[in-house]
There are 2 protein chains.
Amino acid sequence: MKALSKATIYQVAQLAGVSIATVSRALRDSDLVTPETRERVRAAAEELRFTPSRPARSLAEGRHAANGIVFPDLVGPYYAEVVLGYEAAAAALGSSVLILATNGRRDPAAAVRELAGRVDGLAVMGRTVDDDVVTGIASTGLPVVLLARDPVDGVDTVRTGNTNTARALAEHLLGHGHRAITFLGDPSSSPDVAGRFSGLKAALASKQAHLTLVRGTGLDLDAGCAAAPEVLASAPDAVVCANDEMALGVLLAAEEAGLRAPQDLAVTGWDDLLAARFAGLTTVRQPMRELGATAARWLDKRINEPPSQRTAARRRILATEVVIRRSCGMHEEVHP
Amino acid sequence: MKALSKATIYQVAQLAGVSIATVSRALRDSDLVTPETRERVRAAAEELRFTPSRPARSLAEGRHAANGIVFPDLVGPYYAEVVLGYEAAAAALGSSVLILATNGRRDPAAAVRELAGRVDGLAVMGRTVDDDVVTGIASTGLPVVLLARDPVDGVDTVRTGNTNTARALAEHLLGHGHRAITFLGDPSSSPDVAGRFSGLKAALASKQAHLTLVRGTGLDLDAGCAAAPEVLASAPDAVVCANDEMALGVLLAAEEAGLRAPQDLAVTGWDDLLAARFAGLTTVRQPMRELGATAARWLDKRINEPPSQRTAARRRILATEVVIRRSCGMHEEVHP
DNA sequence: TTGAAAGCGATACCAA
DNA sequence: TTGGTATCGCTTTCAA
């Protein structure tokens, strides 16, 4: 019942009375072994509780059978969902998954490079490391997929729609009669935020509307609360927030200031957190798991691609959906 | 600028005009090398963009420099936060992190065993694999820490308080005058739920209160909604839910049935999701990151522990905190 | 069908 | 201080 030190292939070979080559074959279901031999080896392996050493296999095979994913953190459901989708897809393809959260790291670039040495492919999300780090790793020949991040030459990228969705959101707000619109969020903080802002700007450009930008100091609830005074000072009909957390912060602060949504002020977010549903927040839903899953599948393709006929870098934008709730203006019917 | 195939230590050695042993020493800052030799090697390594092969190192050193964590999924902030705490602590200790989500797997046990072969230590959360799998892996000599899960002989365990907190929650509800209390959640679905139920039961035993158990069919929002009719049929003053999601589901369903919390019905949850704050849900807050971080630190200790003087299995229960909001009964002041 | 042996790319011991 | 080399545990030709 105890097997404190792991058995090696040599011990199995000896116990089964065969060579290590045969053990290797038998255990990997090569059809070059007699059923009886295979059985003998199986029994020996079982008795010794033998599990092949992963490093040894990787060294011999020249592959890790593992993929990595790099994200800023796991605060909020966004990244967690992406990671989950990635893990599930990778698992289905036979790969283990290594994770790396860059927030709070001393040297994210170094951490990512070290991770790169442990995997056959790497997914890198926005707001983690600079493009040159990505380029450096990709030039190694290691397959890389960028997630929710501006494309880099020669590297695959998967994103969710921002610009078009922002446009749709803008049109909905205009339909409510809102004309003084304030965007809360720092476009320079992430490509996603930048896309949302520029989409909004574009949609409003040709209309009789006025757009104000308030950057705020982060992307969380507190940042939303903190920025609220400045937002309210811009006297908006509607506040389009870069994400749900900020929107919820604004909602909280507005309420404290005696303002109600949507009667006094329309507010929208982005991400469709569970909390958004309870706050009645109009927001945008994204296919986060699909985002992660796509990355894992693309990586797998790249890994098993003959290096000779390497295809060009791929780009994909996954569709998002505006979720209308009560915070954006008075509706006859509210979707819960 | 391109280095499509990775350089090996041999190439560096050749370029620097030294032996591979010297390269190894120079790059690992051994003080057995002349500063000038070190510099020559450094330069060569840089020129070739050399990174030591991880499998080769692991094979030679006999360690992976990686830890694993096993959880059911990453839905909701609970597991995500635990994983984040784990990753951060592991990183600080120089370990990479492999993750494994068991939900949706064909053969979780096999997946966990395979993971075990890739790591120096493993954290296993509740509701993932059976005790015998854990025992089997631990008997290998691989350090294992159990998280939010009933202890297994000889294996370290870290949990958050359930029983005592449930008692505190019960007393608060009694203080509100609630006497007919229904618990929603299946105690057999997880040790946490079991602890919460038994704590509640114990606290209510000696009081003039009546406790009903409604198991429900899961732990998510929909399960809460679905179970609501049965819950309401038990005509409770208060519903103590196994977690926030179920509680939010009950809240939603109750509202649809024309009941309001807390006037008509008190509802409490567990986990303190962001959504709980916006739903005004009384709940319980747990130190989730600390849970994960503790596991990572304990594993590190075990890994660097002389096998000879192995200490006994450790147990720890981290304190939790009841968060009073408006859903549990009328208060003079509401904590937001 | 099986076995012997050559890698895979590092680490670390033993000499020099 | 440096180099030569055994070793880690497996996969995979190449012969037999």
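Below, chain A is the first sequence line, B the second, and so on; all start at residue 1.
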Residues that A/Arg40 engages under salt bridge (Lys or Arg N to Asp or Glu O under 4.0 Å), provided they are two or more places apart: none
Partners passing salt bridge (Lys or Arg N to Asp or Glu O under 4.0 Å) against A/Glu47 (at least two apart in sequence or in another chain): none
Contacts of A/Ala60 that satisfy side chain to side chain contact (heavy atoms under 4.5 Å, CB included) - sequence neighbours left out: none
Counterpart residues, side chain to side chain contact (heavy atoms under 4.5 Å, CB included), relative to A/Ala88 (two or more places apart): none
Any pair counted as salt bridge (charged side-chain N to carboxylate O under 4.0 Å, His left out), so long as it reaches residues 149-159 of chain A, sequence neighbours left out: A/Asp131-A/Arg149, A/Asp150-A/Arg159, A/Asp156-A/Arg302
Salt bridge (charged side-chain N to carboxylate O under 4.0 Å, His left out) pairs, two or more places apart, involving residues 75-99 of chain A: A/Glu81-A/Arg289, A/Glu87-B/Arg105
Which residues share a side-chain hydrogen bond (donor to acceptor under 3.5 Å, both in side chains) with A/Thr102, sequence neighbours left out: none
Global bending angle along the helix from C/dT1-D/dA16 to C/dA16-D/dT1, which compares the axes of five pairs at either end, to 10 degrees: 40°
No-hydrogen, no-angle side-chain donor-acceptor test under 3.5 Å, A/Arg54 and A/Ser58: yes
Opening and closing nucleotides of DNA chain C in contact with chain B, under 4.0 Å to non-hydrogen atoms: C/dG9 to C/dC13
Scan the side chains in residues 114-124 of chain B for donor-acceptor partners under 3.5 Å anywhere in the protein, sequence neighbours excluded, and list what turns up.
residue  : atom : partner  : partner atom : Å
B/Glu114 : OE2  : A/Ser96  : OG           : 3.4
B/Glu114 : OE2  : B/Arg118 : NE           : 2.7
B/Arg118 : NE   : A/Ser96  : OG           : 2.9
B/Arg118 : NH1  : A/His64  : O            : 3.3
B/Arg118 : NH2  : A/His64  : O            : 3.0
B/Arg118 : NH2  : A/Ala65  : O            : 2.8
B/Asp120 : OD1  : B/His64  : N            : 2.8
B/Asp120 : OD2  : B/His64  : N            : 3.2
B/Asp120 : OD2  : B/Ala65  : N            : 2.7
B/Asp120 : OD2  : B/Ala66  : N            : 3.4

B/S/- contact track for nucleotides 7-16 of chain D, protein heavy atom under 4.0 Å: -BBBBBB---
Sugar-phosphate only, base, or nothing, as touched by B/Ser58 at under 4.0 Å among non-hydrogen atoms: nothing
Could you go through residues 67-79 of chain A and list every donor-acceptor pair under 3.5 Å that involves a side-chain atom there, pairing it with any protein atom two or more places apart or in another chain?
residue : atom : partner  : partner atom : Å
A/Asp73 : OD1  : A/Val75  : N            : 2.9
A/Asp73 : OD2  : A/Asn103 : ND2          : 2.8

